[in-house]
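Following: one structure in structure tokens, then a few remarks.
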Amino acid sequence: PMEPLPPQEHGLDFQRLLDASAYKEMFRQDMIHWGEEKRHTDPGFFCRAAVEGALQPVWVVSDTRRLSDVEWFRDAYGDVVQTVRVVATEETRKKRNWVFVTGVDDAESECGLDQGVAFDWVITNDGDKVALGKQLEMLVQSLHRNL
């Protein structure tokens with residue numbers, strides 16, 4: 001059986017950890033540390049958990065954070081893997097209430113894919129819904145062609 005995730009291990013409110021609240025921020029560094037320990041002992045731990053029981057022809061594995069995650073999926077599934085990076089300017093991110101936190105936002109969990117990955121797709125999400133829709137439509141059409 002899979003080991004419980006940190007909320008269950010530490011009696012935390014799982015739903016509150018999913019939002020952008022101060023509650024989540026109080027435990028963010030502890031969650032990062034826990035994840036690093038898991039990855040150190042088993043680099044594929046989170047990747048296997050993400051695909052466990054998945055039967056659909058297309059999977060969206062969101063929020064991979066490290067080169068080792070991308071490498072695991074490419075090793076396991078080869079050329080069918082499509083990597084997508086979503087970007088926004090720092091200005092846009094600040095308008096969305098993002099504030100840089102030293103020791104968190106410069107950690108591998110936040111910037112581990114900033115270098116070393118040739119992404120198949122780069123989607124820009126700066127608030128232009130029409131432009132975002134066009135980019136996503138191109139991605140979806142490509143996935144349909146490759147099914």
Side-chain angles (χ1 to χ4, degrees), residues 1-54 56 58-140 142-143:
M2 191 181 300
E3 187 172 322
L5 295 175
Q8 292 86 2
E9 286 180 8
H10 301 287
L12 303 178
D13 183 332
F14 180 70
Q15 288 303 316
R16 290 184 69 193
L17 291 173
L18 295 177
D19 62 27
S21 67
Y23 181 86
K24 174 183 171 181
E25 291 305 314
M26 288 179 1
F27 300 104
R28 191 171 178 200
Q29 286 187 313
D30 290 339
M31 291 188 298
I32 291 169
H33 180 71
W34 179 86
E36 294 303 328
E37 286 181 351
K38 284 290 182 200
R39 280 182 182 81
H40 180 71
T41 58
D42 179 3
F45 176 80
F46 294 104
C47 297
R48 284 192 310 280
V51 300
E52 185 178 338
Q56 295 78 4
V58 175
W59 311 337
V60 176
V61 180
S62 65
D63 217 12
T64 54
R65 303 264 179 143
R66 290 165 181 77
L67 183 57
S68 61
D69 295 340
V70 173
E71 290 170 342
W72 187 91
F73 280 102
R74 285 184 172 156
D75 288 346
Y77 299 104
D79 292 339
V80 299
V81 172
Q82 292 284 297
T83 54
V84 180
R85 181 175 179 99
V86 179
V87 297
T89 64
E90 192 168 319
E91 179 182 326
T92 297
R93 295 173 74 200
K94 286 179 179 177
K95 286 179 185 174
R96 294 174 179 159
N97 298 319
W98 173 76
V99 176
F100 182 87
V101 176
T102 302
V104 174
D105 291 307
D106 53 358
E108 183 183 9
S109 63
E110 300 301 316
C111 56
L113 296 176
D114 287 352
Q115 299 174 1
V117 178
F119 287 92
D120 300 301
W121 298 87
V122 177
I123 305 292
T124 301
N125 183 12
D126 274 325
D128 183 336
K129 291 180 182 180
V130 173
L132 178 61
K134 287 179 182 177
Q135 294 172 86
L136 294 175
E137 184 59 33
M138 288 174 52
L139 173 58
V140 169
S142 174
L143 294 174

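Residues take their numbers from the sequence shown, with the count starting at 1. Only heavy atoms go into these numbers, but all of them, side chains included; no hydrogens, no water, no symmetry mates.
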| Step by step, would you call R48 with D42 a side-chain contact (heavy atoms from CB on, under 4.5 Å)? | CA-CA 10 Å; R48 284 192 310 280; D42 179 3; 2.3 Å; yes

| request: I would like to know whether L143 and M138 meet side-chain contact (heavy atoms from CB on, under 4.5 Å); could you show each step before the answer? | output: CA-CA 9 Å; L143 294 174; M138 288 174 52; over 6 Å; no

| query | Would you call E110-R65 a salt bridge at under 4.0 Å N-O? | reply |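 Looking at E110 and R65, the cut-off is met.
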
State the [atom1]-[atom2] distance between [X] and [Y], to the nearest 0.5 angstrom.
X: K129; Y: L136; atom1: NZ; atom2: CG; value: 13.0 Å
X: L67; Y: D114; atom1: CG; atom2: CG; value: 11.5 Å
X: E71; Y: C47; atom1: CD; atom2: SG; value: 10.0 Å
X: F46; Y: T64; atom1: CZ; atom2: OG1; value: 13.0 Å
X: D126; Y: L132; atom1: CG; atom2: CG; value: 10.0 Å
X: D106; Y: C111; atom1: CG; atom2: SG; value: 6.5 Å

| Audit row: W121, R85, side-chain contact (heavy atoms from CB on, under 4.5 Å) steps and yes/no | CA-CA 6 Å; W121 298 87; R85 181 175 179 99; over 6 Å; no

| Given the side-chain rings of W72 and F45, with only the six-membered ring counted for Trp, is the space between their centroids under 6.0 Å? |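 Not close enough - the centres of the two rings lie 6.0 Å or further apart.
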
| message | Between R96 and N125, is the side-chain contact (heavy atoms from CB on, under 4.5 Å) condition met? List the steps. | response | CA-CA 12 Å; R96 294 174 179 159; N125 183 12; 3.4 Å; yes

| said: Quick one, E91 with K95, criterion salt bridge (charged side-chain N to carboxylate O under 4.0 Å, His left out). Give me CA distance, side-chain angles, the key distance, then yes/no. | reply: CA-CA 6 Å; E91 179 182 326; K95 286 179 185 174; 3.4 Å; yes

| Is there a side-chain contact between F73 and T83 (heavy atoms, below 4.5 Å)? |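 No, side chains not in contact.
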
| Any side-chain heavy atom of V84 sitting closer than 4.5 Å to one from D120? |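 When only atoms from C-beta onward are counted, D120 and V84 do not touch, as no gap falls below 4.5 Å.
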
| Does CG belonging to D79 count more than 12 external heavy atoms closer than 6.0 Å? |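 No, not enclosed.
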
| Should W59 and Y77 be marked as a ring-ring contact (aromatic ring centres under 6.0 Å, His included) after you check the CA-CA gap, both sets of side-chain angles, and the distance that decides it? | CA-CA 12 Å; W59 311 337; Y77 299 104; 5.3 Å; yes

